[in-house]
Amino acid sequence: MRFKKIYIEITNQCNLNCSFCAHTKRPLKMMSIDEFKNIIQQIKPYTNYIYLHVLGEPLMHPDLETFLQIAYENKLFVNLTSNATLLMQKKDILLSSRALRQINLSLHSFPHIPDYLKKTVQAGDELSEHGIYVSYRLWTLKDDLDLESKKTIKYLEEHYHLNIQRYKDSVKLKPHCFLSFDKEFLWPSMSHSFVSQKGTCQGWRHMCAILVDGSVVPCCLDANGQAVLGNLFETPFNDILVEHEDLLKDFQNHKLSLPLCQKCTYRKKFDKKIV
Ligand code: SF4
Ligand code: SF4
């Protein structure tokens, strides 16, 4: 079994409090270097790409530079997702990493920080000119564009001398640098209504996630650990995979056996034929 990507939540702490966040109720924690090394040793036979994010702000982690170096030594490519508030402070660590392949910058956080957009785009330009893919995200769009999204788009249009007319999918701003759009999604939750037992997504077939306490969950949207399949600090990752072989077959056969998945609306993006 191989995953296209495995998410590793190096911290679930964040310096913002976005209205659209899943706001985890799990204890707040920073992953230790030993825990990260343990995870890498266990998962590296199963993927080439790790994404250092589920919830939380990965640039807050004091050992980020060490984690990037460990990933490089283990021949793993790294993607990061960040709210960009610490981008200027951590930019040199990112520029010196030989493992970092892409950074997604969630502009839709709209923090009240002076010159946020200017500083973010300045750092983004440096990173992309260095060969690191930069993807700016506006992922909380409603049917009509809100004021902050409009201002952001206008700023990017002026900076990149572009007329951005398509508000869906992705627009290339310059080499290695993109702006991606999406509508706000609903984080899956056991408190939501039942949707269907049929459908599929990338979960457990192409990706899985490891939360900061070592819990293995089927996808990066299980931000509150409501579909934990095991804990790789207690059970080897390989054993967790073997134990849940039937779950993989279920996803392949468009059958949703996990209660959380039966209440998830996000996976409708992947399967328009839900009945
Ligand atoms: S930046 Fe991300 S993790 Fe932080 S509050 Fe916003 S949505 Fe949540
Ligand atoms: S159905 Fe939803 S909760 Fe379940 S793995 Fe897919 S995206 Fe995640």
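Note that ligands are numbered from 1 as they come in the structure, with each ligand's atoms numbered from 1 the same way.
- Residues Leu260 and Ala227 approach most closely at CD2-CB, 3.9 Å, considering heavy atoms.
- By the 6.0 Å contact criterion, CZ on Phe77 is open, its count of non-hydrogen atoms from other residues, nucleotides or ligands being 12 or less.
- Backbone or side-chain N, O or S atoms of Cys14 reach atom 4 (Fe) of ligand 1 at under 2.8 Å.
- Using a cut-off of 2.8 Å, one finds that Cys219 contributes no N/O/S atom close to atom 2 (Fe) of ligand 2.
- The backbone N or O of His254 sits nowhere less than 3.5 Å from a side-chain atom of Lys198 that would complete a donor-acceptor pair.
- Closest approach of Met1 and Leu241 over heavy atoms only: SD-CD2, 4.2 Å.
- Residue Met60 comes nearest to Asn15 through the heavy atom pair SD-N, 3.4 Å, listed as atom of the first residue, atom of the second, then distance.
- Nearest protein neighbour of atom 6 (Fe) of ligand 1, counting heavy atoms only, is Cys18 SG, 2.4 Å.
- Looking at atom 3 (S) of ligand 1, its nearest protein heavy atom turns out to be Gly56 N, 3.3 Å.
- Close approach to Cys261 involves these atoms of ligand 2, each under 4.0 Å from a residue heavy atom: 1 (S), 4 (Fe), 5 (S).
- Using the six-membered ring where Trp is involved, Tyr136 and Tyr160 have ring planes that are tilted, between 30° and 60° apart.
- Residue contact check: Leu16 has heavy atoms under 4.0 Å from atoms 5 (S) of ligand 1.
- Near Phe20, meaning under 4.0 Å from any of its heavy atoms, are these atoms of ligand 1: 7 (S).
- Less than 4.0 angstrom separates some heavy atom of Asn83 from each of these atoms of ligand 1: 1 (S).
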